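Here is how names work: the chains are called A, B, and so on, in the same order as the sequence lines, proteins then strands, and each is numbered from 1. Just so you know, these numbers use all the heavy atoms, side chains as well, and skip hydrogens, waters and symmetry mates. Given the structure is predicted, the values throughout are model-derived calculations rather than measurements.
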Number of protein chains: 2
Amino acid sequence: MVKLNDQHLDAVFAALADPTRRAMLQHLEHGPCSVGELAGPFDMSFAGASKHVKVLEKAGLVTREVQGRIHHCHLNATPMAEADAWLQRYRVFWNDKLDALEQAIKDGD
Amino acid sequence: MVKLNDQHLDAVFAALADPTRRAMLQHLEHGPCSVGELAGPFDMSFAGASKHVKVLEKAGLVTREVQGRIHHCHLNATPMAEADAWLQRYRVFWNDKLDALEQAIKDGD
DNA sequence: ATTAAGTTTAACCATATGGTTTAATTTAGG
DNA sequence: CCTAAATTAAACCATATGGTTAAACTTAAT
């Protein structure tokens, strides 16, 4: 039960651990686009970029709608909610640190 | 400029993309502990677990305070704030989806 | 019917990752 | 001082990852 969820989380975090893929997701914020458009900005072979898209797809962050020879990619942010939920546990911890920092500054360094 | 931050984000997300390491971080929520205590729960060689700790350390999620032969590990959640901030951009997207789902349920599936 | 566009697949390469075992290192305790 | 504990380092292995190029495939356009 937990395992399946875990593996999914693995895939999501791993997909996010690459700047090319994060940039692709940011591109998709503005709406769906083809693999070609997604690959365009990168100094990388088309096939290379295509692999990144597949990683995103396997993590569920991108869905593909094939229309003729064009593959339209859509952002699906829902898997990020899992990652976000996992991180939320720790928000209190980093807030504590930031509060302390703020306090230190207020106290005149 | 952006690159340094990016690389850091890479390391943080990559560190989180492993269930052993996530479990270690959860263990550390309850307070600092030694590498041995961290390694204990896992069906894995000590050296293997030690490597995971090092990955967490390189990502800045764990700090180490060496006291004699014992290495005390502390949780440092602050790098997670970066990851969280990155994810926040997308919160609106997954909220939209969840809202739609909720609405669909309310409408009687 | 050909050709060209958009994409994936396959084969390959270098390096990274997750794991092992064995050896080395440092320090605590009898 | 010697041994045992806590930990890292080193050498190794299998598989994954990020990249390449070349070939294959599907579909649109001429």
Side-chain angles (χ1 to χ4, degrees), chain A residues 3 6-28 31-75 79, chain B residues 3 6-28 31-75 79:
Chain A
K3 271 292 168 197
D6 266 21
Q7 281 172 236
H8 196 214
L9 208 46
D10 289 359
V12 172
F13 276 130
L16 296 178
D18 181 283
T20 300
R21 290 192 292 262
R22 287 197 303 274
M24 284 178 165
L25 291 171
Q26 291 191 357
H27 190 152
L28 285 171
C33 66
S34 71
V35 175
E37 285 169 326
L38 229 37
F42 302 103
D43 185 20
M44 181 186 300
S45 74
F46 198 93
S50 170
K51 283 209 221 173
H52 280 297
V53 175
K54 201 181 307 176
V55 172
L56 291 169
E57 199 183 4
K58 285 212 178 139
L61 294 165
V62 158
T63 58
R64 193 187 296 253
E65 178 204 351
V66 180
Q67 226 168 54
R69 61 184 166 178
I70 293 182
H71 294 210
H72 293 278
C73 299
H74 302 254
L75 172 63
Chain B
K3 271 292 168 195
D6 266 21
Q7 281 171 236
H8 195 214
L9 208 45
D10 289 359
V12 173
F13 276 129
L16 296 178
D18 182 282
T20 301
R21 289 192 292 262
R22 286 196 305 272
M24 284 178 166
L25 291 172
Q26 290 191 358
H27 190 152
L28 285 171
C33 66
S34 71
V35 175
E37 286 168 326
L38 231 36
F42 302 103
D43 185 20
M44 182 187 300
S45 73
F46 197 93
S50 170
K51 283 209 222 176
H52 280 297
V53 175
K54 202 181 306 177
V55 172
L56 290 168
E57 199 184 5
K58 285 212 178 140
L61 294 165
V62 158
T63 59
R64 192 186 297 252
E65 179 204 350
V66 181
Q67 227 168 55
R69 60 183 168 180
I70 294 183
H71 294 209
H72 294 278
C73 298
H74 302 255
L75 172 63

Heavy atoms under 4.0 Å, any strand shown: does [X] hit a base, just sugar-phosphate, or nothing?
X     : result
B:K54 : sugar-phosphate
B:G48 : base
A:S34 : sugar-phosphate
A:A47 : base

Testing the basics here: between [X] and [Y], what is the closest heavy-atom pair and its distance to 0.1 Å?
X     : Y     : answer
A:F42 : A:T20 : CZ-O, 3.7 Å
A:M24 : A:A49 : CE-O, 3.7 Å
B:H74 : B:L28 : C-CD1, 4.4 Å
B:A15 : B:R21 : O-NE, 2.9 Å

Rounded to the nearest angstrom, tell me the gap between atom [atom1] in [X] and atom [atom2] in [N].
X     : N      : atom1 : atom2 : result
B:M44 : C:dG18 : CE    : C1'   : 8 Å
B:F13 : C:dA16 : CZ    : C1'   : 20 Å
A:D10 : D:dT17 : CG    : C1'   : 15 Å
A:D43 : D:dT20 : CG    : C1'   : 13 Å
B:F46 : C:dT26 : CZ    : P     : 17 Å
B:E65 : D:dA6  : CD    : C1'   : 15 Å
B:Q7  : C:dA16 : CD    : P     : 13 Å
B:H72 : C:dA28 : NE2   : C1'   : 13 Å

Legend entry - Note, A:L38 side chain near A:H52 side chain (heavy atom, < 4.5 Å): no
Counting side-chain heavy atoms from CB outward, which of [options] is closest to [X]?
X     : options                : result
B:I70 : D:dT7, C:dT21, D:dG18  : D:dT7
A:K51 : C:dG18, D:dG19, C:dT21 : D:dG19
B:H52 : C:dG18, D:dG18, D:dT7  : C:dG18
B:R69 : D:dA5, C:dT21, D:dG19  : D:dA5
A:H71 : D:dT21, C:dT7, C:dT20  : C:dT7
A:S45 : D:dT20, D:dG18, C:dT20 : D:dT20

Legend entry - Residue whose closest nucleotide on DNA chain D lies nearer the 5' end, A:A49 versus A:Q67: A:A49
